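Both ligands and their constituent atoms are indexed starting at 1 by order of listing. Just so it is clear, the structure is predicted and the values come from calculations on it, not from any experiment. Only heavy atoms go into these numbers, but all of them, side chains included; no hydrogens, no water, no symmetry mates.
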Amino acid sequence: MTVFPNAKINIGLTITGKRSDGYHNIETVLYPLKIYDVLEIIPNPDGEGLEFSISGESLAIPEEENLCVKAFRLLEERYRLPAVKMHLHKDIPSGAGLGGGSSDAAYTLRLLNDLFGLGISREGLKDYARLLGSDCAFFIDNEPVYAFGKGDDFRPVRVDLSDYFLVVVMPDLAIATARAYAGVRPRKPLFSLEAKSSNPPEEWKALVQNDFEETIFKEFPELSGIKESLYAAGALYASMSGSGAAVYGIFREKVHLPELEGDCRVFYDAG
Ligand SMILES: C[C@](O)(CO)[C@H](O)COP(=O)(O)OP(=O)(O)OC[C@H]1O[C@@H](n2ccc(N)nc2=O)[C@H](O)[C@@H]1O
Ligand SMILES: Nc1ncnc2c1ncn2[C@@H]1O[C@H](COP(=O)(O)OP(=O)(O)OP(=O)(O)O)[C@@H](O)[C@H]1O
């Protein structure tokens, strides 16, 4: 069986406090993108356990560190899983703030559950996903949500970008999430993002911000340059996604940005 783990963007991101478990409390809106990896899992009756292979963008991590493998191991410890062959084709840029690895993990849980009839509920899958990373649980339902706590408690949100043209720009730069969090001082926002996101994208520029931008843009000014280029090209709203390095722009009409394509991967109509 083959599935297509998708990426996500963060619309706004406020870091509201440091938790006793070393993580941070945040609020953000998570929104699914039409940018995909490919994940195939097939029963392997002549084999044992998990045979894993990967293609596409290389990750330079040991196999057991891959979030797909971690997801398999998590279920293997709790359920009788038949031997499988798993292949992951990476196309979502990694270290981008696009949730690629998190999505791969969530889709591995969903696929094993469906393939072998494990009977795990949606909420049960989200609880397993929470053990794999803060962004993973979002990809179980994969709907736009207002996320809070560690970023894996959700409330529905009415954000619909289907009438807009979303461009995602990915420079040749990977940013480690932990390092990005270490650089930001928490703040208490006057108004919650949950309220602000009910405004249309035309009003977000003055309302909705990503708290990582200040420190990340100081270290990587080219990212701020991309954001400004998107506004210069007519974006209604532009922002870095999550802890970066991807920067996205929301346009009313279709655009083409050849000036950005030289040094970056540009994904058009991604929303
Ligand atoms: C930046 C976001 O992508 C926004 O959606 C997420 O908050 C990060 O999600 P993620 O990549 O799945 O992050 P995890 O793999 O859970 O955590 C990586 C590291 O980021 C930091 N981290 C992550 C989430 C969070 N709420 N507070 C944190 O401080 C911690 O140092 C953690 O060790
Ligand atoms: N299947 C995978 N795909 C991508 N990265 C993976 C995967 N498994 C483990 N990783 C590791 O996780 C790190 C972060 O992966 P991921 O793509 O989720 O982060 P990201 O793009 O920064 O997204 P976000 O920070 O929004 O979760 C990578 O740098 C890589 O070392």
What do you reckon, does G95 have a nitrogen or oxygen under 3.5 Å from a nitrogen or oxygen of ligand 2? yes

Under 3.5 Å: N/O of G97 near N/O of ligand 2: yes

Counting only heavy atoms not in R155, do more than 12 sit closer than 6.0 Å to its CZ atom? yes

Using a 4.0 Å cutoff against the non-hydrogen atoms of K150, which atoms of ligand 1 qualify? 25 (C), 26 (N)

Do other residues, nucleotides or ligands put more than 12 heavy atoms under 6.0 Å from D172 CG? no

Quick one, D37 and S103 - any side-chain contact, counting heavy atoms below 4.5 Å? no

Does atom CZ of R19 have more than 12 heavy-atom neighbours from other groups under 6.0 Å away? yes

Scan for side-chain hydrogen bond (donor to acceptor under 3.5 Å, both in side chains) pairs involving residues 239-248, sequence neighbours excluded, and state none if there are none. T177-S243, E213-S239

Parallel under 30°, tilted from 30 to 60°, perpendicular over 60°: which one fits the rings of F212 and Y181? perpendicular

Note: ligand 1 atoms sitting under 4.0 Å from heavy atoms of T177 are 8 (C), 11 (O), 20 (O)

Considering both backbone and side-chain atoms of L59, is one of its nitrogen or oxygen atoms within less than 3.5 Å of a nitrogen or oxygen in ligand 2? no

Hey, which atoms in ligand 1 end up nearer than 4.0 Å to a heavy atom of N10? 4 (C), 5 (O)

Main-chain N/O of T16 paired with K188 side-chain donor or acceptor, under 3.5 Å: yes

What is the closest protein heavy atom to atom 7 (O) of ligand 1, and at what distance does it sit? Y181 OH, 2.6 Å

Step through the shown structure and confirm whether more than 12 heavy atoms of other residues, nucleotides or ligands are within 6.0 Å of CD on E214. no

Tell me the contacting part of K8 for ligand 1: side chain, backbone, both, or neither, using a 4.0 Å heavy-atom threshold, strictly below. side chain

Indicate yes or no: does an N/O atom of T28 lie under 3.5 Å from an N/O atom of ligand 1? no

Short list, please: which atoms of ligand 2 are under 4.0 Å from a heavy atom of I61? 8 (N), 9 (C), 10 (N), 31 (O)

With a distance cut-off below 6.0 Å to the six-membered ring centre and an angular limit of 45° from the axis, does K34 pair with F267 as a cation-pi contact? no

Quick check on contacts: which atoms of ligand 2 are under 4.0 angstrom from a heavy atom of T177? 22 (O), 25 (O)

Short check: is a protein heavy atom less than 4.0 Å from atom 14 (C) of ligand 2? no

Could you state the interatomic distance from CG (L161) to CD1 (I9), rounded to the nearest 0.5 Å? 6.0 Å

Are there over 12 heavy-atom neighbours, none belonging to D263, within less than 6.0 Å of that residue's CG? no

May I ask you to check if ligand 2 and N10 share an N or O to N or O distance below 3.5 Å? no

Ligand 2-proximal atoms of S243, by part, heavy-atom distance under 4.0 Å: side chain

Numbering the atoms of ligand 1 from 1, which are under 4.0 Å from a heavy atom of S102? 12 (O)

Is the backbone of L74 close enough, under 3.5 Å, to the side chain of R78 for a donor and an acceptor to pair up by distance? yes

Judged by heavy atoms only, the candidate from D135, N210, I175 nearest atom 2 (C) of ligand 1 is D135

Does an N or O from N66, backbone or side chain, lie closer than 3.5 Å to an N or O of ligand 2? yes

At a non-hydrogen distance cut-off of under 4.0 Å, which region of S134 contacts ligand 1 (side chain, backbone, both, or neither)? both

Could you tell me, atom by atom, which parts of ligand 2 come under 4.0 Å of a heavy atom of E65? 9 (C)

Once you restrict to heavy atoms under 4.0 Å, what part of L88 touches ligand 2? Side chain, backbone, both or neither. side chain

Any N/O of G99 closer than 3.5 Å to an N/O of ligand 2? yes

Of all the atoms in ligand 1, which lie at a distance below 4.0 Å from a heavy atom belonging to L13? 4 (C)

Give the residue, atom name and distance (to 0.1 Å) of the protein heavy atom nearest atom 18 (O) of ligand 2. G101 N, 3.0 Å

Closest non-hydrogen contact found for G97 with N10 is O-OD1, 4.0 Å

Under the rule for ring pair (Phe, Tyr, Trp, His ring centres under 6.0 Å), what residues qualify as partners of F72, not counting sequence neighbours? none

Take every heavy atom of G242, measure it against each atom of ligand 2, and state whether any distance is under 4.0 Å. no

K8 heavy atoms, cut-off 4.0 Å: which ligand 2 atoms fall inside? 26 (O)

Can you tell me how the ring of Y128 sits relative to the ring of Y79, calling it parallel under 30°, perpendicular over 60° and tilted otherwise? perpendicular

How does Y23 reach ligand 1, if at all, at less than 4.0 Å between non-hydrogen atoms: by side chain, backbone, both, or neither? both

Before signing off on this row, confirm whether L67 and ligand 2 have an N or O atom pair separated by under 3.5 Å. yes

